[in-house]
Amino acid sequence: MEIDKAIKESDDRRLKTKYNNAIYVIQRALALYSIEELAFSFNGGKDSTVLLHLLRAGYFLHKGGQSCSDRDLTSFPIRTIYFESSSAFPEISSFTYDTASSYGLQLDSISSDFKSGLENLLKANPIKAIFLGVRIGDPTALGQEQFSPSSPGWPPFMRVNPILDWSYRDVWAFILTCKVEYCKLYDQGYTSIGSVHDTVPNSLLCINDSSCNKKFKPAYLLADGRLERAGRVKKLSLSIPGHFPVFGDSPDSVDPHKNGMLVASVIAVGDEILFGTVEDQLGTSLCRKLHSIGWSVSQIAIVQNDIDSMAEEVERHKSTNDMVFIYGGVGPLQSDVTLAGVAKAFGVRLAPDEEFEEYLRHLIGNQCTGDRNEMALLPEGITELLHHEKLPVPMIKCQNVIILVATNVAELDKEWKCLTELTKSYGLFPMMEPFVSKRLTTNLLDVEIAQPLSKLCLEFPDINIGVYRKCRNGSLIISFQGKKQVRVDLAVEALCNMFHPRAFTEIN
Ligand SMILES: Cc1cc2nc3c(=O)[nH]c(=O)nc-3n(C[C@H](O)[C@H](O)[C@H](O)COP(=O)(O)O)c2cc1C
Ligand SMILES: Nc1ncnc2c1ncn2[C@@H]1O[C@H](COP(=O)(O)OP(=O)(O)OP(=O)(O)O)[C@@H](O)[C@H]1O
Ligand SMILES: [Mg+2]
């Protein structure tokens with residue numbers, strides 16, 4: 001069997017381990033179910049292409065056919081299902097059909113949606129388990145194991161995921177080592193393929209030539225596999241945390257989300273802040289930075305070094321804010337609970353991350369007394385590492401939660417600069433229209449201005465009007481913050497018109 005031979009002859013130890021594990025899962029499935037009870041979900045994508053070859057190898061080895069050649073396997077007995085769609089790329093469809101015919105697959109093309117297609121399939125056939133090319137990191141892989149029953153509400157079958165623990169790099173290592181054919185779209189910059197409506201070439205592979213024509217490098221050259229879905233076109237939607245809207249023009253409500261405003265929150269982690277031993281300066285600095293890119297901040301929370309408290313806080317913040325920034329509690333100490341708290345909030349495990357381990361290897365070399373693998377544990381399937389050449393360790397992004405490693409303001413300044421540069425290249429989060437502000441000072445009493453200000457707030461819901469004083473008996477300072485200069489000016493003018501001409505003085 002050529003595949004098995006190619007892997008055995010390769011000196012890529014990691015690939016051999018991944019291959020052996022996948023073959024083990026396939027052989028378990030072949031032992032547990034009869035051939036008629038199994039199906040393979042194939043759609044011509046790179047992951048299902050890898051799975052096809054693993055299944056052929058696994059079936060072969062299961063049959064004890066070590067000495068057979070590829071050509072002996074002219075037909076493959078596991079029923080193959082393809083959910084055909086009119087919005088699939090023609091290259092994907094034709095690759096699927098061509099591959100099916102080259103490898104003698106019994107292809108069932110299903111033109112209904114996944115759920116009803118599966119219902120009919122299961123009614124008409126004794127199928128009990130379906131092989132899928134799902135990998136950790138795919139949005140649909142959350143919470144799945146190598147054998148996972150279908151979700152509630154889906155027809156009952158076992159999902160078998162032999163390549164669940166494979167990374168993007170592993171997939172390409174397999175394809176290139178075994179020299180198997182793949183859909184040509186992957187040579188044109190596509191790195192993960194959905195429908196024609198939601199997939200474009202991955203801009204991280206773009207090469208601009210002298211004639212300004214866009215060209216793309218092949219998918220296997222993508223350096224950071226976590227960004228394989230960067231070519232999936234995002235569906236913008238208002239009011240959903242983590243989904244970034246385009247800034248709206250007509251603010252008409254006090255809810256910042258409804259105003260098209262993006263809202264962040266900040267979580268500081270550390271008993272030392274709560275003991276009062278250490279003064280938190282990063283929170284204030286971060287608010288200022290977020291404000292400078294037009295984001296509003298809903299809350300700064302300080303959390304003790306405790307996984308459950310951390311998880312509860314993250315869970316609350318991530319569902320009500322577009323972005324959550326966390327600092328503190330990252331490292332190898334027993335008090336460093338941030339990553340475990342984030343993993344718990346998302347309901348995923350902490351798992352060793354090969355790439356993060358590589359960073360640690362460079363950073364701490366042989367000084368590590370514990371298992372570096374254990375130190376490189378990150379929330380599984382939801383983590384992106386945000387590398388920047390100026391940072392020794394990447395920042396960590398888990399969906400709409402960004403974990404910063406800064407421990408003081410100077411480090412935060414540097415990290416923020418890197419973050420905004422990365423944002424410009426990869427669109428981590430949008431830079432919004434900056435706020436404009438005006439401040440007035442007055443010797444009027446708070447009881448005198450309380451009512452007029454309440455009225456003003458109702459009249460200008462798009463302007464944040466705040467009042468504070470620097471000492472109990474000092475003058476009042478009134479601040480106006482908004483996105484449109486003309487609205488801020490109008491609010492200021494409206495307030496001034498309610499009192500005598502010299503009641504307010506503008507300050508910087
Ligand atoms: C054979 C098969 C079985 C599936 N089983 C489930 C399931 O049990 N639960 C579920 O939520 N989605 C299931 N899905 C849907 C996938 O999780 C996912 O939505 C789909 O593969 C790709 O989705 P997209 O085209 O919306 O990106 C299944 C899909 C296929 C092809
Ligand atoms: N239309 C479909 N028909 C049959 N199986 C499908 C279909 N869409 C998805 N699948 C199954 O779900 C798996 C995961 O889909 P996913 O899109 O993540 O991977 P892929 O299509 O193989 O590769 P890529 O990530 O490059 O698109 C596939 O490997 C395949 O097993
Ligand atoms: Mg796909």
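In this chain, numbering begins with 1 at the start of the sequence shown.
- With contacts defined as side-chain heavy-atom distances shorter than 4.5 Å, the pair L185/F95 does not qualify.
- Remark: D413 engages K289 in a salt bridge, criterion side-chain N to carboxylate O under 4.0 Å.
- H317 and S265 share a side-chain donor-acceptor pair at under 3.5 Å.
- Atom CZ of R159 is separated from atom OG of S148 by 5.5 Å, given to the nearest 0.5 angstrom.
- Of the charged side-chain nitrogens involved, none lies within less than 4.0 Å of a carboxylate oxygen, so that K115 and E119 do not count as a salt-bridged pair.
- Applying the ring-ring contact (aromatic ring centres under 6.0 Å, His included) definition to pairs two or more places apart or across chains, none involves residues 2-32.
- With respect to E228 and K46, a salt bridge is recorded, a charged nitrogen being found less than 4.0 Å from a carboxylate O.
- Remark: side-chain polar atoms of S285 are not paired, donor with acceptor, to backbone N or O of V409 under 3.5 angstrom.
- Under the side-chain contact (heavy atoms from CB on, under 4.5 Å) test applied with L404, the options L412, I326, L386 reduce to a single match, L412.
- Between E421 and K424 no salt bridge is recorded (no basic side-chain N to carboxylate O distance below 4.0 Å).
- Between the side chains of S309 and Q304, a donor-acceptor pair is found at a separation under 3.5 Å.
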### Query
Between F216 and Y190, is a ring-ring contact (aromatic ring centres under 6.0 Å, His included) present by the stated rule, with each step listed?
CA-CA 8 Å; F216 293 87; Y190 291 85; 7.8 Å; no

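- Note that CD of E415 and CG of L422 are 10.5 Å apart. Values are rounded to the nearest 0.5 Å.
- From T140, atom OG1 reaches atom CG of N161 across 8.5 Å, with rounding to the nearest 0.5 Å.
- In terms of modelled atom types and a separation under 3.5 Å, the side chain of T177 and the main chain of F174 share no donor-acceptor contact.
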### Task
Would you check, one step at a time, whether the test salt bridge (Lys or Arg N to Asp or Glu O under 4.0 Å) holds for K184 with E91?
CA-CA 7 Å; K184 63 181 182 219; E91 292 89 341; 5.7 Å; no

### Task
Would you check, one step at a time, whether the test side chain to side chain contact (heavy atoms under 4.5 Å, CB included) holds for I402 with M323?
CA-CA 7 Å; I402 291 187; M323 267 291 173; 4.1 Å; yes

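- In this structure Y182 satisfies the ring pair (Phe, Tyr, Trp, His ring centres under 6.0 Å) test together with W172, sequence neighbours excluded.
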### Query
Given the rule in the side chain to side chain donor-acceptor pair (under 3.5 Å) test, do Y359 and D353 qualify, once you have shown the distances and angles that lead to the verdict?
CA-CA 10 Å; Y359 276 99; D353 184 289; over 6 Å; no

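- For the pair D280 and Y327, the minimum side-chain heavy-atom distance is below 4.5 Å.
- Summarising the geometry, atom CD1 belonging to I302 is positioned 10.0 Å from atom CD belonging to E272; distances are rounded to the nearest 0.5 Å.
- Note that the NZ atom of K8 and the CD1 atom of I3 stand 12.0 Å from one another [nearest 0.5 Å].
- Put simply, the side chain of I307 reaches to within 4.5 Å of the side chain of K344, judged on heavy atoms.
- In this structure a side-chain-to-backbone donor-acceptor pair under 3.5 Å is missing from K318 to V401.
- Checking V297, L290, L282, I267 one by one against F325, the side-chain contact (heavy atoms from CB on, under 4.5 Å) holds for a single residue, L290.
- With hydrogens and angles ignored, the 3.5 Å screen pairs a side-chain donor or acceptor of S150 with a backbone N or O of P155.
- A donor-acceptor pair shorter than 3.5 Å cannot be found between the side chains of T17 and N20.
- Between C418 and L391, the closest heavy-atom pair is SG-CG, 3.8 Å.
- A donor-acceptor pair under 3.5 Å links the side-chain atoms of T199 to the main chain of S195, judged by distance alone.
- The ring pair (Phe, Tyr, Trp, His ring centres under 6.0 Å) search around F346 returns none, not counting sequence neighbours.
- Considering every non-hydrogen atom in both G341 and M310, the closest pair reads CA-CG, 3.7 Å.
- Salt bridge absent: E2 and R56 never bring a charged side-chain N and a carboxylate O closer than 4.0 Å.
- For CZ of R28, the number of neighbouring non-hydrogen atoms (other residues, nucleotides, ligands) closer than 6.0 Å is 12 at most.
- When atom types are taken as modelled, the side chain of D138 and the backbone of A141 share no donor-acceptor pair closer than 3.5 angstrom.
- Under a 4.0 Å N-O distance rule, the pair D12/K16 does not qualify as a salt bridge.
- Judged purely by atom type and a 3.5 angstrom limit, R232 uses its side chain to pair as donor or acceptor with the backbone of I193.
- The closest side-chain heavy-atom distance from L32 to F147 is below 4.5 Å.
- Scanning all heavy atoms of the two residues, the minimum distance from I163 to A22 falls at CG2-CB, 4.5 Å.
- Residues T191 and Y168 are in side-chain contact: their nearest non-hydrogen atoms beyond the backbone lie under 4.5 Å apart.
- For the atom pair CG of D271 and CG of D306, the computed distance is 8.5 Å after rounding to the nearest 0.5 Å.
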Ignoring hydrogens and angles, write down the donor-acceptor pairs under 3.5 Å from the side chains of residues 76-83, residues two or more places apart or on other chains.
from, atom 1, to, atom 2, distance (Å)
R79, NH1, D108, OD2, 2.8
R79, NH2, N125, OD1, 2.9
T80, OG1, I78, O, 3.2
Y82, OH, S93, OG, 3.2

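- Considering only heavy atoms from C-beta on, S41 stays 4.5 Å or farther from F131 through its side chain.
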### Task
Take Q299 and E313 through the side chain to side chain contact (heavy atoms under 4.5 Å, CB included) test and state the conclusion after the steps.
CA-CA 11 Å; Q299 188 187 2; E313 204 65 30; 4.0 Å; yes

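- S48 approaches N43 most closely through the heavy-atom pair OG-OD1, 2.7 Å.
- Looking at heavy atoms from C-beta onward, I175 lies out of side-chain contact with Y220 at the 4.5 angstrom threshold.
- Looking at heavy atoms from C-beta onward, I110 lies out of side-chain contact with E84 at the 4.5 angstrom threshold.
- Counting only distance, with no hydrogens or angles, the side chain of S116 and the backbone of S112 share no donor-acceptor pair below 3.5 Å.
- The closest side-chain donor-acceptor pair between Y103 and D98, if any, does not fall under 3.5 angstrom.
- Take H291 and apply the ring pair (Phe, Tyr, Trp, His ring centres under 6.0 Å) test, not counting sequence neighbours, and it matches F435.
- Closest of all the heavy-atom pairs between S167 and D170 is N-OD2, 2.8 Å.
- Across all non-hydrogen atoms, the minimal contact from L38 to L30 is CD1-CD2, 3.7 Å.
- Not a single side-chain contact (heavy atoms from CB on, under 4.5 Å) links E312 to another residue, sequence neighbours left out.
- Judged by distance alone, the side chain of K5 and the main-chain N or O of I7 form no donor-acceptor pair under 3.5 Å.
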### Message
Determine whether M395 and I403 satisfy the following criterion, side chain to side chain contact (heavy atoms under 4.5 Å, CB included), listing intermediate values before the conclusion.
### Response
CA-CA 6 Å; M395 293 166 282; I403 301 164; over 6 Å; no

